[in-house]
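Start at 1 with the first residue, then count along the sequence.
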Amino acid sequence: MDSKTALVQNLKKLKKVTGLNNKEICALAADNGDHILHGNTVTNVLAGKDFQSKTIDAFAAAFNVSPGDMINPLGFNDEGKPIDKGEAFPMDAVETAIDCVLNICHLAGVEDRAWINATIKEAAHEYIQSGPDAAHGYVLTKLKGSNVN
C-alpha cells in the first residue's frame with residue numbers, strides 16, 4: 001500500500017469515527033498546529049487526488065496524531081487510535097476474515113486448523129490494508145497456491 005492510499009483510507013476512517021466535517025477538520029488543523037487546510041483540500045484528498053506533504057502534517061494536527069500515524073498502513077481502530085503491529089484487529093476486519101476463510105475452507109474441504117488460523121490473521125490484515133474484497137481474493141489466491149487438506 002502506498003502512502004496516498006493509506007492517507008485516504010485513514011482519513012475516511014477518522015472522519016467516520018469522529019463525525020467531523022471538512023470545515024471542523026480545517027479548524028482543528030489550525031487550532032492544534034497552526035496549519036492552513038482548506039475544505040477543498042480535504043475533499044480532494046478523499047477523492048484520491050495528489051497532495052503536498054504539509055497536508056499530512058495538517059491532518060495529523062487536526063486528529064492529534066503523528067504524521068506517521070496518518071499514513072499507518074494498519075489504519076485506525078473504532079476509537080480513532082492508530083493500530084500498532086501486534087494489536088488486535090478491528091472487529092469488522094476480524095469478522096470478515098473469519099467468515100471468508102471458514103466459508104471458503106468449508107467449500108474446499110480444508111480442515112487444517114493451523115492453516116485456517118494463520119489465514120484468518122493474514123486475511124484480516126489484508127482487509128485493513130485494502131478492504132473486504134481484497135481479503136476474499138487473498139484467501140482464494142493462498143488456497144490455490146497451497147496443498148492444504
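For T5, the side-chain contact (heavy atoms from CB on, under 4.5 Å) partners two or more places apart in sequence, or in a different chain, are M1, D2, Q9. Evaluation of the side-chain hydrogen bond (donor to acceptor under 3.5 Å, both in side chains) rule for S146 yields no partner, not counting sequence neighbours. Checked against side-chain hydrogen bond (donor to acceptor under 3.5 Å, both in side chains), T141 has no partners two or more places apart in sequence or in another chain. Applying the side-chain hydrogen bond (donor to acceptor under 3.5 Å, both in side chains) test to T18 and every residue at least two apart in sequence or in another chain returns nothing. With sequence neighbours left out, the side-chain contact (heavy atoms from CB on, under 4.5 Å) criterion links I116 to V101, L102, C105, V110, R113, I120.
Looking at every heavy atom in both residues, A97 comes nearest to A124 through CB-N, 3.5 Å. Scanning all heavy atoms of the two residues, the minimum distance from L46 to V8 falls at O-CG1, 3.8 Å. Heavy atoms only, all atoms of each residue included: N22 and G39 are closest at ND2-O, 3.6 Å. Among all heavy-atom pairs drawn from P82 and N72, the shortest one is CB-ND2, 3.9 Å. Heavy atoms only, all atoms of each residue included: I56 and P67 are closest at CG2-O, 3.5 Å. Minimum interatomic distance between A135 and C100 (heavy atoms only, all atoms of both residues): O-SG, 4.2 Å.
Considering NE2 of H106 and CD1 of I104, their distance stands at 12.5 Å, rounded to 0.5 Å. The OG1 atom of T41 sits 11.5 Å away from the CD1 atom of I25 when rounded to the nearest 0.5 Å. The distance from atom NZ of K121 to atom CD1 of I98, rounded to the nearest 0.5 Å, is 11.5 Å.
For residues 3-25, the set of pairs meeting the salt bridge (charged side-chain N to carboxylate O under 4.0 Å, His left out) definition, not counting sequence neighbours, comprises K4-D50, K13-D78. Within the structure, salt bridge (charged side-chain N to carboxylate O under 4.0 Å, His left out) pairs that include any residue of residues 129-145 comprise E122-K142 (at least two apart or interchain). Pairs of residues two or more places apart, or lying in two chains, never qualify as salt bridge (charged side-chain N to carboxylate O under 4.0 Å, His left out) while including a residue from residues 53-77.
In this structure, the side chains of N10 and F63 stay at 4.5 Å or more apart for every pair of heavy atoms. Between T43 and H38 the shortest side-chain heavy-atom distance does not fall below 4.5 Å. Counting only heavy atoms from C-beta outward, the side chains of V94 and Y127 never approach each other to under 4.5 Å. Contact of the L14 side chain with the F59 side chain is not registered, since no non-hydrogen atoms from C-beta on lie closer than 4.5 Å.
In this structure a side-chain-to-backbone donor-acceptor pair under 3.5 Å is missing from T96 to A93.
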Exercise answer: donor-acceptor pairs, residues 27-37 side-chain atoms, under 3.5 Å, sequence neighbours excluded:
| from | atom 1 | to | atom 2 | distance (Å) |
| --- | --- | --- | --- | --- |
| N32 | ND2 | A61 | O | 2.9 |
| H35 | NE2 | G33 | O | 3.4 |

